[in-house]
Amino acid sequence: MANQGKSRQPKYQRIADALKSAIEAGEYRPGDRLPGENDLMATYEVARMTARQAIGVLQSEGLAEARKGAGVFVRDFRPLRRQGIKRLSQEQWGNGRSIWAADIGDRTLEVDQVAVTEQPAAERIAHVLGLQVGDAVCVRSRRFVLDGKPVLLATSYLPADLVAGSAITQKDTGPGGTYARLGELGHKPVHFREEIRSRMPSQEEADKLQLTMGTPVILVCRTAFADGGNPVEVNEMTLDSASYVLEYAFDA
């Protein structure tokens, strides 16, 4: 039965599975060039479109990347293990460390495309923050680039009157970031809620994250709450799904 199921697979999927098995076995290592369309056409006696679809599967799953004029190569970017609980502990930001320190180790992280503005709250943001639609919110948007690869877009929304005059309204929020500054303002986050879903990216998201065609994004919406259950921040994040492993470790 298993062989029958496999035989019903499209040819391009069987070729993609063979290439994935070769990658897993170490026949092709990170940075190695994979067989091109002509090679696959000859080896598997298939049409060019079938060979192209097989390569496309590996690209959409984040296993391979095309380099203009050079071919398709095994991706040498190591997925980022996002430790969803550890990274938000007060032990991280409360001691002046970035919450990213729990994830990246000695890897190189850059934050670019930083913009801080004041805008009227949209309905979805006002609802979560307990504001009226149109109330002023401080909006912090930025892009995170790990080892030269864009991996995350993030936009945070905070009540403008809550953070007025603080470093949160500046591009550089200082050691410990936004959560440390909220603590200094008397609104230390004590509880977080994250909602996760997935979809295909918009063209703007695909461009900013440099996504290959067919790669979905993971959407994480995090709300930070201070004492008394008061929401103090909403952070809408867009993650390159091929760049992440989401890890949640907790006691039974």
Side-chain angles (χ1 to χ4, degrees), residues 80-146 151-196 219-239 246-251:
L80 176 64
R81 189 169 293 274
R82 183 182 188 271
Q83 302 185 56
I85 294 175
K86 180 180 178 182
R87 70 199 310 272
L88 292 174
S89 70
Q90 187 178 341
E91 182 182 346
Q92 287 293 127
W93 51 266
N95 289 321
R97 293 194 296 270
S98 164
I99 63 175
W100 279 78
D103 300 334
I104 65 173
D106 60 358
R107 301 175 72 176
T108 301
L109 177 71
E110 296 180 13
V111 183
D112 67 6
Q113 301 183 8
V114 180
V116 184
T117 59
E118 187 172 298
Q119 300 177 18
E123 182 175 1
R124 73 182 190 284
I125 300 300
H127 175 73
V128 177
L129 290 177
L131 303 174
Q132 297 295 317
V133 174
D135 282 355
V137 288
C138 173
V139 182
R140 300 182 51 83
S141 62
R142 60 268 191 214
R143 183 178 73 162
F144 294 84
V145 182
L146 184 66
V151 296
L152 168 71
L153 308 175
T155 303
S156 295
Y157 303 86
L158 305 98
D161 59 357
L162 189 74
V163 301
S166 73
I168 293 172
T169 63
Q170 306 300 314
K171 288 187 176 182
D172 184 358
T173 56
T178 295
Y179 295 150
R181 303 293 81 75
L182 283 170
E184 293 167 358
L185 292 170
H187 303 286
K188 179 180 70 177
V190 297
H191 180 71
F192 297 94
R193 179 184 67 218
E194 288 193 342
E195 300 173 346
I196 300 173
L219 306 178
V220 179
C221 181
R222 180 172 69 232
T223 305
F225 299 87
D227 274 333
N230 299 318
V232 291
E233 182 218 31
V234 175
N235 188 351
E236 295 184 330
M237 294 163 275
T238 304
L239 289 64
L246 305 184
E247 177 182 302
Y248 294 89
F250 46 87
D251 295 331

Is the closest basic N to carboxylate O distance between Arg124 and Glu236 below 4.0 Å? yes
Who are the side-chain contact (heavy atoms from CB on, under 4.5 Å) partners of Asp112, not counting sequence neighbours? Arg143, Val145
Heavy-atom pair with the smallest gap, counting every atom of [X] and [Y]:
X	Y	result
Pro175	Ala180	O-CB, 3.6 Å
Ile196	Tyr248	CD1-OH, 3.1 Å
Ala167	Arg140	O-NH1, 4.4 Å
Ile168	Val163	CD1-CG1, 3.8 Å
Ser156	Asn235	OG-CG, 3.4 Å

Sub-4.5 Å side-chain heavy-atom contact between [X] and [Y]:
X	Y	result
Leu129	Val232	no
Arg193	Arg222	no
Val116	Cys138	yes
Leu131	Ile125	no
Phe192	Thr223	no

Give the intermediate values and the outcome of side chain to side chain donor-acceptor pair (under 3.5 Å) for residues Tyr179 and Glu233. CA-CA 9 Å; Tyr179 295 150; Glu233 182 218 31; 2.6 Å; yes
Leu246/Leu239 under side chain to side chain contact (heavy atoms under 4.5 Å, CB included): CA gap, chis, key distance, verdict: CA-CA 11 Å; Leu246 305 184; Leu239 289 64; 4.1 Å; yes
Is there any side-chain hydrogen bond (donor to acceptor under 3.5 Å, both in side chains) pair reaching into residues 162-178, and which pairs are they, with sequence neighbours excluded?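 For residues 162-178: none.
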Take Ser141 and Val114 through the side chain to side chain contact (heavy atoms under 4.5 Å, CB included) test and state the conclusion after the steps. CA-CA 6 Å; Ser141 62; Val114 180; over 6 Å; no
Could you list the residues that satisfy ring pair (Phe, Tyr, Trp, His ring centres under 6.0 Å) with His191, not counting sequence neighbours? Phe225
Is Glu110 atom CD crowded by more than 12 heavy atoms from other residues, nucleotides or ligands, each under 6.0 Å away?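 It does not: Glu110 CD has 12 such atoms or fewer within range.
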How long is the span from the NZ atom in Lys188 to the CG atom in Asp227, to the nearest 0.5 Å?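 Lys188 NZ to Asp227 CG: 7.0 Å, rounded to 0.5 Å.
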Assess the residue pair Leu185 and Leu162 against the criterion (side chain to side chain contact (heavy atoms under 4.5 Å, CB included)); give the C-alpha distance rounded to whole Å, side-chain angles, the decisive distance to 0.1 Å, and a yes or no. CA-CA 8 Å; Leu185 292 170; Leu162 189 74; 5.6 Å; no
Is there a donor-acceptor pair under 3.5 Å between the side chain of Arg142 and the backbone N or O of Leu152?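 No, the answer is negative, given that no donor and acceptor are paired below the 3.5 Å cut-off.
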